[in-house]
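Encoded as structure tokens, here's the structure I'll be asking about.
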Amino acid sequence: MRRYTHIFRLWFYEECSDALRLRRFICTGDQVSPSVSSDSEQLVSNIVSIFTKKPFHRDSLELRNLAPALTTKVVESVLNRFKSWKIAHEFFDWASSQSGYMHNCYTINALAAVLSGARRNAEMKTLSSYLVNSRCPMTPGALGFFIRCLGNVGMVEEADAVLNQAKDLGLCIPNKYTYNCLLQAISRSNKVEILEMRLKEMTDFGWELDKFTLTPVLQMYCNLGRMKCAMRVFEIMGDQDWLDVHSLSIMVLRLSKLCLTDEVFELIQKMESRNIRVNEQTFCILIHGFVKESKLDAALELFDKMKRSGFTPEISLYDTIIEGLCKKGQLKRALDLYLEMRESGISPDSKLLIKLSNFFSEEQMIQLLEELPEGMDTKTVTLYYNLLLTFYIKAGLTDKAHIMLRGIMGSDSNSCDTAMDSLIKFKGAGFVSTASFNIVISGLIQKGEVDSAVGLFLDMGQVHCRPTVEIYNNLIEALCNSNKLDVAKDLLREMEATSGLSPTQFTHNCIFGCLCRREDTIGAIDMVKVMRVYVHEPWIKHSSDLVKRLCNKGRVTEACSFLADLVEEGFVPDIVAYSTAMRGLIQTHKIDQAMELFRDLQAQGCHPDVVAYNILISGLCKAKRVSEADKLFEEMLEGGLFPSVVTYNSMIDGWCQIGDVDRALLCLSKISRKAQEGGPDVITYTTLIDGLCNAGKPDEALTMWDEMKRQGCVPHSITFMAMIKGLSKSGRPEEARSYLKEMLREGMKPQIYVYVALLEALISEQKLDETFQVLREMLEIGSFPELKDKWHVALRDVLAKLVQDERTSSSIRALVAEGHLGPHLSDTDR
DNA sequence: GTAGGGTTAG
């Protein structure tokens, strides 16, 4: 009984100040400190400075001296002064351990406000336990406050539990206010059962409900979308005249979420007649929502209402609506709104302007400029100018942008057309920026007008604009791409020496790439030496490109030494660059060197891939070193690599080359038929057809042809040629001819050697008429090969035989006379 | 403002 008396006294005295504090809290959002005497004020400052000072020792003498003077009022003040929740927490902890001092519900709440604001849920949980375990008596208001702190961080169940515990332990006799706080906390969740249970409890107590009870209930039903219940609560509140800005917001936001636009307006109207107005935040949320749903009329109507209610919209709201209008194609309204915004004193930011320029036409962009008020500050004018410049560049009107920029600079007013002249109200160096140059220079480069770009760049100094790394890089890249290496190098020098800018990896690589394209090995390596100083890695694609170019021209040795030089400089090329070099070596018949390079790489820990193996295997096979190739093949399998069709094709060719057709066929059977690997391809079959014919097995070649077609593989001209040549060489020119006919029907043009083989086969069988026919066909689709042609002599032999025979000699002479056989034959065959 | 470069049949 005594205990209850104590609590009663406590809250009887303190309820008033509690209520006052809460009121202030609601208005300002801050936990309000109790007033302390000036002595205490000094103490508070001392403690605050000790705790914020680093390094900090909680056992310092200074603190120990202060401890005896500690009171709850002082602690509360101190807690409200810290900006960091961590320090507040630390101080609270320190205070708890001082002898003779005990926290009360106000110091606990002070910490709760700090922790809740910082969303420290874990610490809030600990504080809840502390509150209960310390058996700290609480006023109903204090408990309510604590519960709201829990609610703010979504700790609804904890809030519910704390109320029970405080009640059960007799720490507090909660009143309606406490319960209302709890309801408010619960309404932030979807735990409707808890809410309804508490509500029932309250009615059981015989308490009269008020608007603070029903607002959370309304909120809960709205959250859950139980609109019938929500409407019922709303009506009750209306009947009791309990509606306010807050409840209106809840309802109106929900209605807009349900897309009930008409109802939103109806409700706002109705409320206005009762002098309840939507607050600024709700206006903003509603307008954003409407724009999102493309209800621009509704958004604009609300926007007007908002302004009439005396609110000044912020730029973000203008931004949203203007963008919405642009997207709907209502550019006129967007522009009007934009101008209205500018008039209302909001200075436009570049984000919104850039957005507008994506939608506006040239006329609208110009209108924007023309309506610039006199006396606009330089920076803003430049922003508008740059916008129009960007617009012109995007529209491909590069010349216009160029003329405009020069017009603003005032450099050549005579060449500036009058329309442009009137557009540019503000002229002079102050109205252009580095960005203006960047825009136009990039535009010129895109159009391939590199010289103009450089010219413009050189004029930047006149208007005191400093070039950036980006501008230098753009120019240097463009110059290198158009092979103007000297100018690019000049710019690089100027970049460092005059502008004091550091070239980037990109800058150097542009020049390195250009040197590589020029096949300037020495220059490239010199550049690499420079780059090494900057720790700029030369891009491997450029190195590979150079290697490939050199190899294609037979400069393999140079290519290899370039790669070695790169290594020397500390930049190790990758397997692709080396593969190119190995192929280059193979093409110049330096297979052993290629092998050596390959083994060196492996020795350095590099694991060559399938392509690298393929290059070597094919090289060895072409050189008929098939058993070595086969060893590599095995090695590759051991290394866990999967041979590709290319690998098999090369091996098949190799086996055929040395006449081991059986091994070739064995390879064929091993080619994976997995869907993603595709199985044998045209090249496989072509190689085999060629190999089988060469091995004197034309019948098997014919079977292979059928097999290929059965597999759905379509023969190429090379396949046809292999078949035709093969059959001819096997003494079966008749069949060869039928494949030739099919090939021609397919629209493919055989190479000359195919005809040579066929003609030779026909003539050796003395089929002179047919030989002549094929010769005529050959001449129909192409001219007779010239003297220096590889096949010239062979064909002349054929002709000689035809001329010697009386059945065909006159026809051949006729052909010669008509000039079909070229100029070289006339003397021989006469 | 920056990733695609190397392999097989005649």
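Predicted model only: the values in this text are computed from it and were never measured. So you know, we letter chains A, B, ... as the sequences are listed, proteins then strands, and number each from 1.
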To the nearest angstrom, how far is A/Ile586 atom CD1 from B/dT8 atom C1'?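 So the CD1-C1' distance, A/Ile586 to B/dT8, works out to 12 Å.
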Does B/dA9 have OP1 or OP2 sitting under 4.0 Å from an N or O in the side chain of A/Lys622?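 Checking B/dA9 against A/Lys622, a side-chain N or O does come within under 4.0 Å of OP1 or OP2.
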What is the separation between atom OH on A/Tyr648 and atom C1' on B/dT7, rounded to the nearest whole Å?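 Checked: the OH to C1' distance equals 16 Å.
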Just to be sure I understand the geometry, which residues of residues 730-763 of chain A put a non-hydrogen atom under 4.0 Å away from DNA chain B?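 A/Gln751, A/Tyr753 - these, ordered by number, are the residues of the stretch whose heavy atoms sit under 4.0 Å from the strand.
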Quick one: label A/Ile540 by what it contacts on the DNA or RNA (base, sugar-phosphate, nothing), any heavy atom closer than 4.0 Å.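 Base contact - A/Ile540 has a heavy atom under 4.0 Å of at least one base atom.
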Stepwise ring-ring contact (aromatic ring centres under 6.0 Å, His included) test for A/Phe598 and A/Tyr578: CA-CA 8 Å; A/Phe598 184 81; A/Tyr578 281 116; over 10 Å; no
Counting any heavy atom closer than 4.0 Å, what does A/Ala612 reach on the DNA or RNA strands: base, sugar-phosphate only, or nothing?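 It contacts base atoms.
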How close or far is atom P of B/dT7 from atom CG of A/Leu585, stated in whole angstroms?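 After rounding, the gap between these two atoms is 14 Å.
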Contact under 4.0 Å: A/Lys548 side-chain N or O vs B/dG6 OP1/OP2: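 So the side-chain polar atoms of A/Lys548 do come within 4.0 Å of the phosphate oxygens OP1 or OP2 of B/dG6, strictly under.
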So, does the side chain of A/Asn614 form a donor-acceptor pair with the base of B/dG6 at under 3.5 Å?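 Side chain to base: no pair present.
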Please work out if A/Asn509 contacts a base, only the sugar-phosphate, or nothing of the nucleic acid, heavy-atom cut-off 4.0 Å.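 Answer is nothing: A/Asn509 stays at 4.0 Å or more from every strand.
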Residues in salt bridge (charged side-chain N to carboxylate O under 4.0 Å, His left out) contact with A/Glu777, at least two apart in sequence or another chain: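 A/Arg737.
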Base, sugar-phosphate, or nothing for A/Thr504, non-hydrogen atoms under 4.0 angstrom?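 Base contact.
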Under 3.5 Å, is there a donor-acceptor pair between the A/Tyr472 and A/Ser499 side chains?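 Indeed, the side chains of A/Tyr472 and A/Ser499 share at least one donor-acceptor pair under 3.5 Å.
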Nearest to side-chain heavy atoms of A/Val611, which nucleotide of B/dG5, B/dT7, B/dA9: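 When the side chain of A/Val611 is considered, B/dT7 is the closest of B/dG5, B/dT7, B/dA9.
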Round to a whole Å and report the spacing from CG of A/Leu501 to C1' of B/dG1.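 Distance, rounded to whole Å: 16 Å.
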Tell me what A/Ile575 touches on the nucleic acid: a base, only sugar-phosphate, or nothing, going by heavy atoms under 4.0 Å.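 Here A/Ile575 touches the bases of the nucleic acid.
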Need one value for A/Asp609: base, sugar-phosphate or nothing, where a base atom within 4.0 Å counts as base even if backbone is also close, heavy atoms only.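 Counting heavy atoms under 4.0 Å across all strands, the contact made by A/Asp609 includes a base.
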What is the distance, rounded to the nearest whole Å, between atom CG of A/Asp574 and atom C1' of B/dG6?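 My rounded result for the distance is 9 Å.
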Ion pair A/Glu449/A/Lys447, N-O distance below 4.0 Å: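 A/Lys447 and A/Glu449: not salt-bridged.
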Distance, rounded to the nearest Å, where A/Ile617 contributes CD1 and B/dA9 contributes C1':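 Nearest whole value for this atom pair: 16 Å.
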What integer distance in Å separates A/Tyr472:OH from B/dG1:P?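 Taking OH of A/Tyr472 and P of B/dG1, I get 17 Å after rounding.
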Counting only side-chain heavy atoms from C-beta out, which of B/dG1, B/dT8, B/dG6 sits nearest to A/Val576?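 The listed nucleotide nearest to A/Val576's side chain is B/dG6.
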For atom CG of A/Asp545 and atom P of B/dA3, their distance in whole Å: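 Interatomic distance, CG of A/Asp545 to P of B/dA3: 16 Å.
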So does A/Arg583 get a side-chain nitrogen or oxygen closer than 4.0 Å to the phosphate oxygens (OP1/OP2) of B/dG6?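 Answer is no, no contact under 4.0 Å.
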Remember a base hit wins even if backbone is also touched, and classify A/His716 as base, sugar-phosphate or nothing at under 4.0 Å, heavy atoms.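 Result for A/His716 = base.
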Option among A/Thr687, A/Asp681, A/Asn614 that satisfies the side-chain hydrogen bond (donor to acceptor under 3.5 Å, both in side chains) test with A/Asn649: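 Testing each of A/Thr687, A/Asp681, A/Asn614 against A/Asn649, the sole residue satisfying side-chain hydrogen bond (donor to acceptor under 3.5 Å, both in side chains) is A/Asp681.
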According to the salt bridge (Lys or Arg N to Asp or Glu O under 4.0 Å) rule, which pairs have a member within residues 710-729 of chain A, sequence neighbours left out?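 For residues 710-729 of chain A: A/Asp690-A/Lys725, A/Glu707-A/Arg710.
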Look at the side chain of A/Thr580 against the base of B/dG6 and say whether a donor-acceptor pair falls under 3.5 Å; ignore hydrogens and angles.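 Looking at the base of B/dG6, it does not pair with any donor or acceptor on the side chain of A/Thr580 (distance under 3.5 Å).
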More than 12 heavy atoms of other residues, nucleotides or ligands under 6.0 Å from CZ of A/Arg776: is that the case?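 Open.
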Indicate, with a heavy-atom threshold strictly under 4.0 Å, whether A/Ile615 touches base, sugar-phosphate, or nothing.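 It contacts sugar-phosphate atoms only.
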Donor-acceptor under 3.5 Å (A/Ser730 side chain, A/Arg732 main chain):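 Judged by distance alone, no pair lies under 3.5 Å.
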